[in-house]
Structure formats: C-alpha cells, structure tokens
Amino acid sequence: MFTAKRDNMVAEQIVARGVSDTKVLEAMRKVERHLFVPSDLQAIAYADEPLPIGHGQTISQPYIVAYMTEAAALKPGDRVLEIGTGSGYQAAVLADIVKEVYTIEVSEALSLSAAKRLSDLGYKNVHFRSSDGYAGWPEKSPFDAVIITAAPSDIPDVVAGQLNVGGRMVVPIGDFFQELCLITRKESGFERKSLLPVRFVPMIHRPSKH
Ligand code: SAH
C-alpha cells in the first residue's frame, strides 16, 4: 500500500513538476517517508505538503526534498553536509545517492531520534551531530555539497567556506519570504543563483551555554 503511494507521489508531485535526475527519483521511490512522520500522520505521509514532526518542526514537502536534492547535482562518491536533520528523511534520501552524509541538528532530541531511526533502518553512511549549524562541521570538511533545510537570513559564510572548489550549496535564504538559492564555489569566489520561492522554518542561533 505504501509502495503504491510512494510511486504515485513520485509520478504526480515530482516527475510531473520537472525533476528528472534518475538517482533522485529512485531514492524518493525507495525511502519510506511514512516511517519519518508521527504514527498518527502515516496515512498522509505521501501527501503533497510538509508535515509536523514534533518540537515545532516539519518534514519538508516531498517535491521540495527532491528538488533540492537534484539542485545539489550529486555524484555517487560525494560527501555531503546537511544542516537541519529534523526527522532524518532528507538525510536518508541523500544517503541513498552519495557516499557519506554528515547531518547537524540544533535540537538534541531530534538528532537522537533521527539517528536511532536511520540506524534501525540499516543506514551506515549517515553521521549525526547536535550542534549549531552556523559553525558547519569543520573536522569533516571540505564537502562536495551542502543542503540546508532551515532558512538563514543570509548565506552562512562559515558553512560556505567548508565547500570544495566546485562544491554546491542549496539553501533557502530570507526571513519570512525566502528564495531557494544555489551557491557554487568557484576558484575565484562564490556564484549565487536563485531557484524558487520557498517557506522553511528559520535557521536559529543556539543560545550559547555558560
Ligand atoms: N531536513 C528535515 C526537515 C528539517 S526542518 C527532514 O528531512 O525532516 C528544519 C530543522 O532545522 C529543524 O529540525 C530545526 O531544529 C533545525 N535547525 C534550525 N536551526 C538550526 C541550526 N542553527 N543548526 C542546526 N539545525 C537547525
């Protein structure tokens, strides 16, 4: 039953809107989205919308996950940083496509539950950390791609600096209304391209601990 719903989701919401990267479509057909939402929402896990995952956070609309993943132009050998682990769904989609996924979540409770979920599902190439995404993950940098699933007001410079030359960052930028942007690191600096208007939860600054 869920397999048919997933196939329909990919056909009607994702392929129909123009996503065509076969690696992305395969991953979206494979990852069991209903296992990433609260049990009372499983029946609508494949609907064309974001859903609440607790702690005031949401799992993004399937199309947006697919679109951002395609925009990152991933290759099988890539090492990718995600900021905003949430349920772990986007991380699972990435993990089916690339070699290693590093994912940062500011909420420790969400990070721990996503880590358990992906470990129960058998993922071995996703690495979790609960910290402030604005600092990136310097020990594991540089990355071939970065996907940010919460919205900063501006390009987070420290994170951009952790991209390889040729590396891509997909990030929603702005406060209330946001623009999904593709930032590419070139030899000479960063190139910025606007992709589409979006709405994400804000990327927050974690209060420092004293
Ligand atoms: N990618 C997720 C959805 C993310 S929702 C999924 O597939 O389910 C956005 C997430 O970003 C929230 O869980 C929120 O806690 C987290 N977040 C917000 N600000 C952050 C920051 N500064 N660093 C890391 N994570 C952050």
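Both counts, for ligands and for their atoms, begin at 1 and track the order of listing. FYI, side chains are in, hydrogens and waters are out, and symmetry mates aren't considered; it's all heavy atoms of this structure.
- A salt bridge links Glu191 and Lys186; the closest N-O separation between the charged side-chain nitrogens and carboxylate oxygens is under 4.0 Å.
- Annotation: cation-pi geometry not satisfied between Arg199 and Phe177 (NZ/CZ under 6.0 angstrom from ring centroid, within 45° of ring axis).
- Under the salt bridge (Lys or Arg N to Asp or Glu O under 4.0 Å) test applied with Asp78, the options Lys99, Arg168, Lys23 reduce to a single match, Arg168.
- Of all protein heavy atoms, the one closest to atom 19 (N) of ligand 1 is Ile204 N, 2.9 Å.
- If you check the side chains of Ser111 and Ser130, you find no donor sitting under 3.5 Å from an acceptor.
- Atom 5 (S) of ligand 1 has as its closest protein heavy atom Thr58 O, 3.2 Å.
- Given atom 8 (O) of ligand 1, the protein heavy atom at minimum distance is Ser87 OG, 2.6 Å.
- Near Val201, meaning under 4.0 Å from one of its heavy atoms, ligand 1 places the atoms 9 (C).
- Listed by number with element, the atoms of ligand 1 under 4.0 Å from a non-hydrogen atom of Leu110 are 13 (O).
- A donor-acceptor contact shorter than 3.5 Å links the side chain of Asn125 to the backbone of Ala95.
- Close approach to Tyr89 involves these atoms of ligand 1, each under 4.0 Å from a residue heavy atom: 7 (O).
- Between Glu105 and Leu112, the closest side-chain pair of non-hydrogen atoms is not below 4.5 Å.
- Protein heavy atom closest to atom 11 (O) of ligand 1, with residue, atom name and distance, is Gly84 CA, 3.3 Å.
- With respect to atom 15 (O) of ligand 1, the closest heavy atom belonging to the protein is Glu105 OE2, 2.5 Å.
- From the protein, the heavy atom lying nearest to atom 23 (N) of ligand 1 is Gly133 N, 2.8 Å.
- Residue Asp132 has at least one N or O atom closer than 3.5 Å to an N or O atom of ligand 1.
- When only modelled atom types and interatomic distance are considered, Arg33 and Tyr46 share no side-chain donor-acceptor pair under 3.5 Å.
- Looking at Glu82 next to ligand 1, an N or O pair under 3.5 Å apart turns up.
- Atom 12 (C) of ligand 1 has its closest protein heavy atom at Gln57 OE1, 3.2 Å.
- For atom 26 (C) of ligand 1, the nearest protein heavy atom (residue, atom name, distance) is Val106 CG1, 3.5 Å.
- With a 4.0 Å heavy-atom cut-off, ligand 1 is reached by the backbone of Thr85 but not by any atom from C-beta on.
- Residues Thr69 and Gln90 have side chains that bring a donor and an acceptor to within less than 3.5 angstrom of each other.
- For Ser141 (side chain) and Phe143 (main-chain N/O), no donor-acceptor pair under 3.5 Å exists by modelled atom type.
- Proximity of a side-chain donor or acceptor of Tyr134 to a complementary backbone N or O of Met203 within less than 3.5 Å is detected.
- Listed by number with element, the atoms of ligand 1 under 4.0 Å from a non-hydrogen atom of Ala150 are 11 (O), 18 (C).
- In Pro202, the part holding a heavy atom less than 4.0 Å from any atom of ligand 1 is the backbone.
- Heavy atoms only, all atoms of each residue included: Arg17 and Gln61 are closest at NH1-NE2, 4.1 Å.
- Numbered from 1 in the order shown, with element, the atoms of ligand 1 that lie under 4.0 Å from a heavy atom of Gln90 read 1 (N), 7 (O).
- Taking distance alone, with nitrogen or oxygen atoms compared against 3.5 Å, Thr149 approaches ligand 1 more closely than that limit.
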